[in-house]
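Heavy atoms only: backbone and side chains are in, while hydrogens, waters and symmetry mates are out. The chains referred to below are lettered A, B, ... by the order of the sequence lines, with proteins before strands, and numbering in each begins at 1.
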Protein chains: 2
Amino acid sequence: MWQNEKMSNITISEARVTLGSLLRKPYEVLQVKVYAGLAARGFGDIRPAHSSVFRYIRPEGSRVSDLAELADMTKQSMAYLAGNLADLGYVTIAPDPTDARAKLVILTVRGRQVWDALVELSFDLEGQCAARIGAEKMAQLRAILGELAAAIAD
Amino acid sequence: MWQNEKMSNITISEARVTLGSLLRKPYEVLQVKVYAGLAARGFGDIRPAHSSVFRYIRPEGSRVSDLAELADMTKQSMAYLAGNLADLGYVTIAPDPTDARAKLVILTVRGRQVWDALVELSFDLEGQCAARIGAEKMAQLRAILGELAAAIAD
DNA sequence: GTATTTAGACAGTCATTCTGTCTAATCATT
DNA sequence: AATGATTAGACAGAATGACTGTCTAAATAC
């Protein structure tokens with residue numbers, strides 16, 4: 001027993017590829033390509049974890065607490081990432097003039113270059129995908145994914 | 001300067017939501033729901049990292065090396081996960097009769113229950129999504145994501 | 001003006017990956 | 001059959017990225 005036999009309603013070999021896998025695989029490929037592109041542009045010290053900062057940071061600077069909330073992580077974890085990026089020269093951490101408790105995380109010129117590169121890489125990669133599967137399907141994909149995100153966020 | 005001003009061709013506020021984000025958001029929601037469902041069924045000690053094992057393990061058992069290759073990680077990392085699952089009682093690690101160097105990771109009955117729960121949770125969650133966005137769109141989404149994965153995997 | 005909340009720092013922990021090195025077993029080639 | 005190369009996995013150590021808990025100082029609410 002055990003080999004390919006039905007242990008429950010579905011055998012392992014019959015298992016259908018999950019929606020999660022279908023979402024995960026292209027996402028992971030894109031992520032690898034984005035960070036490879038960043039490295040190729042001289043930003044090899046930017047790691048995926050830093051994307052939580054670049055994804056949500058505002059042009060005038062953002063507070064650690066706000067970034068943490070947007071990224072759905074603790075303030076401590078976000079402070080670690082921001083401090084890390086500050087050590088690497090991509091952001092500066094300055095006191096918030098409107099609240100003496102708070103500190104603003106602000107992109108340096110080099111940080112802004114990373115931000116621009118991220119936008120460009122994402123745009124180019126999506127273009128490459130669209131070129132292969134067709135612009136119409138890409139538009140459909142975007143539309144459906146948007147609906148899915150809205151539908152699933154209870 | 002700096003506030004909402006054009007520092008490059010695109011300002012931060014103009015940035016379009018990336019394809020990566022569109023893929024990531026529903027994936028993360030699904031993942032949270034799957035692991036919450038697993039916890040609700042009494043498997044609260046299964047963590048997302050363990051999915052690399054459950055995703056690729058074969059019914060007759062799989063070698064650490066094979067799992068590592070499928071999951072695209074080092075043998076050491078996979079051995080850590082397998083050892084972890086063995087400690088938790090979800091797999092046993094037995095010598096491979098066909099190769100004295102190798103060891104087989106084999107699901108226990110309880111491990112198989114987790115596997116079944118993962119299949120069921122994925123199925124149910126997809127059904128819930130389909131109920132909200134429509135079965136036709138879900139079918140389109142599956143089809144396009146499959147094409148995308150094939151197109152992007154250089 | 002006191003009490004509560006908020007922002008962040010500091011310390012410690014844990015999980016998940018990695019590299020590097022090692023042994024033992026297998027495979028390939030002479 | 002002996003040798004050399006490869007493969008499977010173990011062990012040790014480290015880095016990363018997240019957590020909890022506790023603390024101070026500042027801001028806000030009553």
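- When each of A/Asp66 and B/Ser52 is assigned the nucleotide of DNA chain C with its nearest heavy atom, A/Asp66 is the one assigned upstream, toward the 5' end.
- Under the 3.5 Å distance criterion, the side-chain polar atoms of B/Ser62 are matched with a main-chain donor or acceptor of B/Arg58.
- In this structure, CE of A/Met73 is placed 15 Å from P of C/dG8, rounded to the nearest angstrom.
- Residue A/Asp72 contributes atom CG, which lies 11 Å from atom P of D/dA18 at whole-angstrom precision.
- Residue A/Asp72 places its CG atom among 12 or fewer non-hydrogen atoms of other residues, nucleotides or ligands, all under 6.0 Å distant.
- A salt bridge does not link B/Asp96 to B/Arg101: none of the charged side-chain nitrogens sits closer than 4.0 Å to a carboxylate oxygen.
- Between A/Lys75 atom NZ and C/dT6 atom P there is a gap of 9 Å when expressed in whole angstrom units.
- Proximity of A/Arg142 to A/Lys137: side-chain heavy atoms (C-beta onward) are nowhere separated by under 4.5 Å.
- Nucleotide C/dT13 holds its C1' atom 13 Å from the CD atom of A/Gln76, rounded to whole Å.
- Distance, A/Leu88 CG to D/dT16 P: 10 Å, rounded to whole Å.
- As rounded to whole Å, 10 Å separates atom C1' of D/dA8 from atom NZ of B/Lys103.
- Within 4.0 Å of A/Asp96, counting heavy atoms only, lies no atom of the nucleic acid at all.
- Look at CZ on A/Arg63: it is 11 Å from C1' on C/dG8, rounded to the nearest Å.
- The listed nucleotides are D/dA26, D/dG9, C/dA25; the one nearest the side chain of B/Arg101 is C/dA25.
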